[in-house]
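The structure appears below as C-alpha cells.
A note on names: the letters A, B, ... follow the listed sequences, proteins ahead of strands, and every chain is numbered from 1.
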Amino acid sequence: MEETPAPSSATNFIRDIIDADNESGRFDRRVHTRFPPEPNGYLHIGHAKSICLNFGLAIKYGGQCNLRFDDTNPTKEDVEYVDSIKEDVRWLGFQWDHLFYASDYFETIFRFAETLIAKGLAYVDSCSTDEIRQLRGTLTVHGKPGPWRDRTVAENLDLFRRMRAGEFPDGAHVLRAKIDLAHTNMNMRDPLLYRIRHAEHHRTGNTWCIYPLYDFTHGYSDSIERITHSICTLEFENHRPLYDWLIDVLELYHPQQIEFARLNLTHMMMSKRKLLELVETNSVSGWDDPRMPTLAGIRRRGYTPEAMRAFCDEIGVTKFNGLTEIVVLENAIRADLNKRSNRAMAVINPIKVVIDNYPDDLVEELEAVNNPEDPAAGTRLVPFSKVLYIERDDFMEIPAKQFFRLSPGREVRLRWGYLITCQSVVKDPSTDEIIELRCTYDPLTRGGNAPDGRKVKSTIHWVSAAHAMTAEVRLYDHLFKLADVSEIPEGEHWKNWLNPASLVVVPSAKLERSLATFKPGDRCQFERLGYFCVDKESTPGKPVFNRTVTLKDEWTKIQKKKGS
RNA sequence: UACCCGAUAGUGUAACGGUAGCACAACAGAUUUUGGUUCUGUUUGUCCAGGUUCGAAUCCUGGUCGGGUAACCA
C-alpha cells in the first residue's frame, strides 16, 4: 500500500459547505464522509470521482471516510462485487477508516420502523404493485390514499412483525411511510419502506425475509455512522426531503446530504446495466476488458492510480451535468507515464531494411537512454545488425508534403544508431507491395551524430531482425464511435454505435530484446508510438502488450487535416 | 402538464458585490537524437430581458434552454 494521497488543492462547492460548517461549529468541526456502493457490479471511472471526492475530503480536513456497502437488495448483490470494490478502492490509493454494510443495521432499522408505526407515521399496505402505482398518481396528477392507509397502530405492528416472521409470500404486503399522497415530490407520496423478499442475502443469509429499501436505509446508516456530509449524485436531489423527514421524525443525529453531478465522458458508456450487457453478450472480454470504463478495465489497460486521482482533481465537482472530453483522461495518463516510463523500441507494422554496406556478421551493442525525462533511469544496450525492421508508416516511396521520414534518396537517423539513406525499394512483382528497403549507412555516425555536423529531419525507431522478440500487441481505441452516448435514442440499438476498431490485435510485432524480461503489469513507452503495458494473459512463450494510450501525434493530425 | 436542480471560452472548472482566471483542446513559434517532452505566445466566454447598487458572472424578478423525478432498484 502506497502512502496516503496528498490532499487536493482544487476547491469546490462542497468544500465551501464544509468550511461554513466548520466555521459555525455545526458538526463540532468533524468531517466524516462515506463511499456507499451497492455491490451489484464493478466500479467504473464515475465511481472513482466519488471515491476521490469522499476520501479526498476526509484527508483534506483530517477527518474520516467509511466504505459502506449498500446491500439492501439481496437478489442483485454478490460477494464477488464486494471483493472487487474493495480492491478498486485500495488500488486508487485510499484506505477506509471503517468498513460497514447496510445489512449490519437491519435489526436497528427494523426497530426504527416499529417506532414509526407506533407514532402513526407508517402503515402496512396490502395493495398489489399495480394498485400502488395507480394510487400514487403521476407527475402532474395527485395520488390518492389507498384502502389500508388507516389501519390501527396495533394492526400495523402485528402485520409488520408477521411479515418479518415469514408468514406472507413476496408481494403480499409492504410497509409505507404515511406522509402525503398529494405531495408534489413523488418520493413523499407514502414511500415504500420495506418489502417481503424470501431471498438469501450474501451476508445475512436467510435471517431476513423482509428488506428495507434504499430511502429507508441510507439516511439511517449515515446517521448511525455519524456521517457529517453524505455526498451522492444529482438524481438523489428529490430524495433529500425524504432523507430529512425520516431522520427528523425519529429525532436522530442528522447528516447533511449534498448532491453533485456524476461524471460523463465522451466515447464512454457509464451505465451499469449496459456495461453488464456488454459483458454478458461477449461484446467485450469481461469486466476487466481494457476498453471498459471499469476500474478493473483501465487498470488492465495500464492506467495508474496517480493519473486517475489527478484526473478526478482536474475535472472538479459541481452540480452542472456536463460531458467531459476523454482527452482530459488521456492527457492525465500521458503526463504521469511520460515522467516514469522507460522507453523501448518496438515495431508494430514492420518492413524489412537491409543495410547493404554493413558487414554481414557484425553485431554492435549501441547505448540507448532509458528515459530522457529521468537521467537516473540510466541506459541500456540494444543490438544493431545488417537486417532491421522499421515501421512501415515511416517510409513513403513518394513522400507527401511535410512527410520527413524515410523515402528514396533521403537520409534519416535510426534512434541511438546510425544515419541511413534509402537507396532502393524492393517490391513483390506480383502484388507490387513493398517488401524490403535497401539502404546504406554512414559508419561515422554511430550513436546518431554526423561529424560534419549535417542534420537530418527525422529520427525513427527500429529493431534488429535477428535479435527481435515477437509479441502480440493489442491496440485499443474508444469503445464507442459516438462522442455523446446519451444522444443514442432510447430504443435504438445502442450497440450499433460500438467502435469496430476499438481493438486491433497485431499478432506479431517486433520488439526490442530488453522487453523479454517484462512481467504482467510492467509499463513502458514504445518510442514514438505510445505507452504500453504487459497484459495479464502474457506468458514468456507468448508475450502480450496492451496499448494504454498513444503519444500525441502531429503527423497523424496533419494527415487528418488534409483528408478532411 | 407538476416539482426539484442547473446555465462562465470548443470542453471542464475558478472568481463568494470590486481587474473574468486555470486546465484540456485549437492555432503560431522556439527547443528537441521520440512529429514525444519542455518553453513562449495567440484565439475564443459570463443564456436572455428587466431590477437593486457607485459597482453584478455573483443579489432580486421574469423568461429561455438543459438535466432529474412517477422500481416492492440504488
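- In this structure, A:Phe236 and A:His239 have perpendicular ring planes: the angle between them is above 60°, well past the 30° mark.
- When the P atom of B:C3 is taken as reference, atom NE2 of A:His239 falls 18 Å away, rounded to whole Å.
- You'll find that the side chain of A:Thr140 is closest to B:A2, out of B:A2, B:A71, B:U69.
- Side-chain contact annotation: A:Asn73 with A:Thr75, donor-acceptor N/O pair under 3.5 Å present.
- Of all nucleotides listed (B:G35, B:G68, B:C72), B:G35 comes nearest to the side chain of A:Gln402.
- Comparing B:U69 with B:U42, their P atoms are spaced 45 Å from each other, to the whole Å.
- In the set B:C73, B:C27, B:U34, B:C73 carries the atom at the smallest distance from any side-chain atom of A:Glu38.
- Mapped onto RNA chain B by nearest heavy atom, A:Thr184 and A:Glu235 fall at different nucleotides, with A:Thr184 at the one closer to the 5' end.
- Side-chain contact, A:Arg151 with A:Ser126: a donor N or O sits under 3.5 Å from an acceptor N or O.
- Remark: the separation of the C1' atoms in B:U64 and B:G50 is 14 Å, to the nearest Å.
- For A:Glu237, taking side-chain heavy atoms from C-beta onward, the closest of the listed nucleotides B:C73, B:G36, B:C4 is B:C4.
- Ring pair A:Phe384/A:Tyr441 is tilted by interplanar angle, where 30° to 60° counts as tilted.
- Proximity of A:Arg136 to the phosphate of B:C72: a side-chain N or O atom is located under 4.0 Å from OP1 or OP2.
- B:U34 atom C1' lies 13 Å from atom CD of A:Glu554, rounded to whole Å.
- Annotation: A:Phe545 is in aromatic contact with A:Phe526 [ring centroid separation under 6.0 Å].
- Between A:Thr72 and B:C73 there is no side-chain N or O to OP1 or OP2 distance below 4.0 Å.
- Of the candidate nucleotides B:U34, B:A74, B:G36, B:A74 has the atom nearest to the side chain of A:Asn73.
- Among the protein residues, A:Ser128 comes within range of the nucleic acid bases, having at least one heavy atom under 4.0 Å from a base atom.
- For A:Glu259 and B:G6, a side-chain-to-base donor-acceptor distance below 3.5 Å is absent, hydrogens and geometry of angles not being considered.
- Aromatic rings from A:Tyr194 and A:Phe160 are positioned such that their centres are separated by under 6.0 Å.
- Nearest nucleotide to the side chain of A:Leu139, out of B:U37, B:A70, B:G67: B:A70.
- B:A30 shows a glycosidic angle more than 90° from 0 and is accordingly assigned anti.
- Side-chain contact of A:Glu80 with A:Tyr42: a donor-acceptor pair under 3.5 Å is present, judged by distance alone.
- Considering only the side chain of A:Phe404, B:G35 comes nearest among B:G35, B:A74, B:C5.
- RNA chain B forms stems at B:2-7 with B:64-69, B:10-13 with B:21-24, B:26-30 with B:38-42, B:47-51 with B:59-63, each a run of 3 or more consecutive Watson-Crick or G-U wobble pairs whose two key distances fall under 3.5 Å.
- The two atoms that bring A:Arg405 and A:Asp393 nearest to each other are NH2-O, 3.8 Å, heavy atoms only.
- Separation of the C1' atoms belonging to B:C22 and B:G17 is 23 Å when rounded to the nearest angstrom.
- Considering only side-chain atoms of A:Val328, the nucleotide from B:C73, B:C4, B:C24 that sits closest is B:C24.
- The nearest heavy atom of RNA chain B to A:Thr459 and to A:Asn331 marks one nucleotide each, and the one closer to the 5' end goes with A:Asn331.
- Between the base of B:G36 and the side chain of A:Arg334 there is no donor-acceptor pair shorter than 3.5 Å.
- Spacing between B:C5 and B:G51 at atom C1', rounded to whole Å, works out to 24 Å.
- You'll find that the side chain of A:Val174 is closest to B:C72, out of B:G36, B:C72, B:G35.
- Contacts of A:Pro372 with the nucleic acid, taken as non-hydrogen atoms under 4.0 Å apart, include base atoms.
- B:C72 and B:C4 are spaced 24 Å apart, taking the C1' atom of each and rounding to whole Å.
- Between A:Arg547 and A:Asp477 no salt bridge is recorded (no basic side-chain N to carboxylate O distance below 4.0 Å).
- In this structure, A:Arg189 reaches neither bases nor backbone, as no heavy-atom distance under 4.0 Å exists between it and the strands shown.
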Is there any protein nitrogen or oxygen under 3.5 Å from a nitrogen or oxygen in nucleotides 12-15 of chain B, and what are the pairs?
{"from": "B:G12", "atom 1": "OP1", "to": "A:Leu323", "atom 2": "N", "distance (Å)": "3.0"}
{"from": "B:G12", "atom 1": "O2'", "to": "A:Ile315", "atom 2": "O", "distance (Å)": "2.8"}
{"from": "B:U13", "atom 1": "OP1", "to": "A:Thr318", "atom 2": "OG1", "distance (Å)": "2.8"}

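- Checking A:Gln257 against A:Glu259 by side-chain atom types alone, a donor-acceptor pair falls below 3.5 Å.
- Salt bridge present: A:Arg68 and A:Asp222 bring a charged side-chain N and a carboxylate O closer than 4.0 Å.
- B:U46 and B:C16 have their C1' atoms separated by 16 Å, given to the nearest Å.
- B:A28 and B:U43 are spaced 15 Å apart, taking the P atom of each and rounding to whole Å.
- Under a cut-off of 6.0 angstrom, the local environment of NZ in A:Lys178 is crowded, with over 12 non-hydrogen atoms contributed by other residues, nucleotides or ligands.
- Note on A:Arg528: a side-chain N or O is less than 4.0 Å away from OP1 or OP2 of B:G35.
- Put simply, A:Arg413 has no side-chain N or O that comes within less than 4.0 Å of OP1 or OP2 on B:U34.
- Neither OP1 nor OP2 of B:U37 sits under 4.0 Å from any side-chain N or O of A:Arg343.
- Contact of A:Gln525 with B:U34 (side chain to base): a donor-acceptor pair of N or O atoms is detected under 3.5 Å.
- Between A:Asp336 atom CG and A:Ser341 atom OG the span is 8.0 Å, to the nearest 0.5 Å.
- Residue contacts for A:Leu213: at a heavy-atom cut-off of 4.0 Å it reaches the sugar-phosphate backbone alone, with no base atom in range.
- Residue contacts shown for A:Cys232 are absent, as no nucleic acid heavy atom lies under 4.0 Å away.
- Close to B:C73, at under 4.0 Å from its OP1 or OP2, lies no side-chain N or O of A:Lys272.
- Relative to the side chain of A:Arg197, the nucleotides B:C72, B:A25, B:G36 differ in distance, and B:C72 lies closest.
- Within the nucleic acid shown, A:Ser458 has no heavy atom closer than 4.0 Å to any nucleic acid atom.
- Look at A:Lys552 and you'll find a side-chain N or O under 4.0 angstrom from OP1 or OP2 of B:U37.
- Comparing B:G21 with B:G45, their C1' atoms sit 12 Å apart, to the nearest whole Å.
- With hydrogens and angles left out, the side chain of A:His183 and the base of B:A2 share no donor-acceptor pair within 3.5 Å.
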